[in-house]
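A short write-up of the structure that comes next.
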Number of protein chains: 2
Amino acid sequence: MAGSTTALAQEEAGTLHEQIVNKLRGVLLNGELADGARIPEALLCLRFGISRTPLREALKVLAAEGFVELRPNRGSIVAPIDPVEVAHLFEMKGAIEHMIGRLAAVRATGEDVARIEQAHGELALHPDPAAYTALNQEFHRALAAATHNPVLLQTYDNLQKRVLRLRFVVNENPQRVLESFGEHEGIMVAFRARARLDLAERLEEHNRLTGEAVRRALKGENA
Amino acid sequence: MAGSTTALAQEEAGTLHEQIVNKLRGVLLNGELADGARIPEALLCLRFGISRTPLREALKVLAAEGFVELRPNRGSIVAPIDPVEVAHLFEMKGAIEHMIGRLAAVRATGEDVARIEQAHGELALHPDPAAYTALNQEFHRALAAATHNPVLLQTYDNLQKRVLRLRFVVNENPQRVLESFGEHEGIMVAFRARARLDLAERLEEHNRLTGEAVRRALKGENA
DNA sequence: GGACGATTTTTTGCATTCAAAAATGATCCG
DNA sequence: CGGATCATTTTTGAATGCAAAAAATCGTCC
């Protein structure tokens, strides 16, 4: 049960820069630094109790991941959330969800099934948006993991993390949370039946609908 | 004609660490450092005429991209090519190729069409494996770009670069080069007809066949 | 009163430095 | 002669230092 199951765990071992990558990503995901805000190196060094060297290494990695924007000689900023990019993120994720469905239906082991069923079950017990986000992540990540394709899982994780920054705007919406759970029910039906294409299409569609909800929410915010 | 069209161009502008990321990736792609070989920081610093700081920043980024393996306190090594991972890479790329087909068929502009046609045409004139690799990259990248989805393009580029390390083992095979061109012909037919699903399936299949050729070649090498 | 420009301050990018860890090699003992 | 132990060298990881660039501050002039 050593800790590599949870995607967002802030591992405490390993090299310093790696820790910082995770911690800093956590900060960004929690919205502690607003979109487009400058990232004050000195401040974060103080906060994490490290020097600038590992922090800057972490910034480069996060820039490559798309969380941070590096402006030469002008400092780093939190990558602004661009509605157009959000659409592109979900579109890309759609392709992955489709493949997750096709593969997970065939490759899921007993363990995978257990994890997926459990996440789904817990989700049913927690209709409150607060718990929902984490459990929802777990559910979908368990499905992704059931493909047993690490490359896919890594790509999925990266996109998912980028999308996660938007949860504030959409998980407040209990309407959508309910709808989403309904879609999960359908997903589980297809999964239990090991119906590859059905599962693939349901996952892709679920992703599409979530994307649209996010886009609507973003539009509302910007109004 | 300023240089952001070519994916693998080693841009000369920008921050130092960025240049190094590209240069070093070039070194790795060219196979100058063998799989699993240790990456001598001091040597590369000398070669690039920089200090260790930007080099190490670049290493972190390349590690995140999957080209380099960072072993805490034990130095970095060129990420070894694992046949299983290669299979996973191609599987993942399949999902993307499928989506590229679906989107490019619909979204390709006149410019896109021109670029794609040109790459395809030049490819016909250069059946020699040497020129083939670069032109083939250009052809497929032009298709990816025709989706007009930067997130997809970036993901595609990353996977493609990782796969590119394997070109030595497969592009030597003139048999496969010819087959591949035949598949390209079919792809162009579907593309010109703007047949979404046909194009998608042809691209996915082409990717699958390339993957199998690579796997076969790898097996042969390892024998 | 406000805009422009010079000067100070801060921040950034990279090189250098330093401590700790690992690799290497020499010595000693069985 | 082989293997284990310990000193030496090399390499790594991170902090610090320094020059250049950008931002902020302030004074001056219109």
Side-chain angles (χ1 to χ4, degrees), chain A residues 3-4 9-28 32-80, chain B residues 9-28 32-80:
Chain A
S4 94
Q10 288 166 23
E11 307 275 334
E12 290 180 13
T15 60
L16 198 39
H17 103 272
E18 208 175 333
Q19 292 174 46
I20 301 299
V21 166
N22 288 321
K23 285 189 194 174
L24 191 48
R25 186 165 40 216
V27 168
L28 299 183
E32 287 183 51
L33 275 70
D35 285 28
R38 281 189 47 153
I39 296 174
E41 292 187 6
L43 210 93
L44 290 169
C45 288
L46 231 59
R47 167 166 178 174
F48 295 134
I50 52 159
S51 81
R52 281 176 57 219
T53 307
L55 184 88
R56 299 182 99 254
E57 288 171 351
L59 284 174
K60 308 295 193 275
V61 171
L62 289 173
E65 287 182 11
F67 287 97
V68 164
E69 203 170 294
L70 259 46
R71 304 168 308 169
N73 289 324
R74 310 194 55 246
S76 317
I77 60 173
V78 181
Chain B
Q10 288 166 25
E11 308 273 333
E12 290 180 14
T15 60
L16 198 37
H17 102 272
E18 210 175 333
Q19 291 174 48
I20 301 298
V21 166
N22 288 323
K23 286 189 193 171
L24 190 49
R25 187 167 36 218
V27 168
L28 300 183
E32 286 183 52
L33 275 70
D35 285 28
R38 282 190 45 151
I39 298 173
E41 292 187 5
L43 210 94
L44 290 169
C45 287
L46 231 59
R47 168 166 178 174
F48 295 134
I50 53 160
S51 83
R52 281 176 57 221
T53 308
L55 184 88
R56 300 182 97 253
E57 288 172 351
L59 284 175
K60 308 296 192 277
V61 172
L62 290 173
E65 286 181 12
F67 287 98
V68 164
E69 204 171 292
L70 260 47
R71 303 169 309 169
N73 288 325
R74 311 194 56 245
S76 317
I77 61 173
V78 181

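In the text below, chain A, chain B and the rest are named by the order of the sequence lines, each starting its count at 1.
In this structure B:Arg74 satisfies the side-chain hydrogen bond (donor to acceptor under 3.5 Å, both in side chains) test with no other residue, sequence neighbours excluded. With sequence neighbours excluded, the residues forming a side-chain hydrogen bond (donor to acceptor under 3.5 Å, both in side chains) with B:Glu65 are B:Arg25, listed by chain and number.
Put simply, CD1 on B:Ile50 and CD on B:Gln19 are 9.0 Å apart, with the number rounded to the nearest 0.5 Å. Once rounded to the nearest 0.5 Å, the distance linking CD1 of B:Ile20 with CG of B:Leu59 reads 10.0 Å. Here the CD atom belonging to B:Glu41 is positioned 11.0 Å from the CG atom belonging to B:Leu43, to the nearest 0.5 angstrom. Here the OG-CZ distance, from B:Ser76 to B:Arg71, works out to 8.0 Å after rounding to the nearest 0.5 Å. Going from atom CG of A:Leu55 over to atom NZ of A:Lys60 covers 9.0 Å, rounded to the nearest 0.5 Å.
Proximity of residues 45-53 of chain A to DNA chain D (heavy atom under 4.0 angstrom from any strand atom) is restricted to A:Ile50, A:Ser51, A:Arg52, A:Thr53. Shown for residues 57-67 of chain A: no residue has heavy atoms falling under 4.0 angstrom of DNA chain C.
With a 4.5 Å cut-off on side-chain heavy atoms, B:Leu24 and B:Phe67 do not count as touching. Between B:Arg56 and A:Thr53, every side-chain heavy-atom pair lies at or beyond the 4.5 Å cut-off. Using a 4.5 Å heavy-atom cutoff, the side chains of A:Glu18 and B:Leu70 are not in contact.
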Under the side-chain contact (heavy atoms from CB on, under 4.5 Å) criterion, do A:Val68 and A:Ile39 qualify, and how do the steps go? CA-CA 9 Å; A:Val68 164; A:Ile39 296 174; 3.8 Å; yes
Which pairs, protein N/O on one side and nucleotides 21-25 of chain C N/O on the other, fall under 3.5 Å?
{"residue": "C:dA23", "atom": "OP1", "partner": "B:Arg74", "partner atom": "NE", "Å": "3.3"}
{"residue": "C:dA23", "atom": "OP1", "partner": "B:Arg74", "partner atom": "NH2", "Å": "2.9"}

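Scanning both residues, A:Glu69 and A:Pro80, for their nearest heavy atoms gives OE1-CD, 3.5 Å.
Nucleotides of DNA chain D that come within less than 4.0 Å of any heavy atom of chain A span, from the 5' end to the 3' end, D:dA14 to D:dA23.
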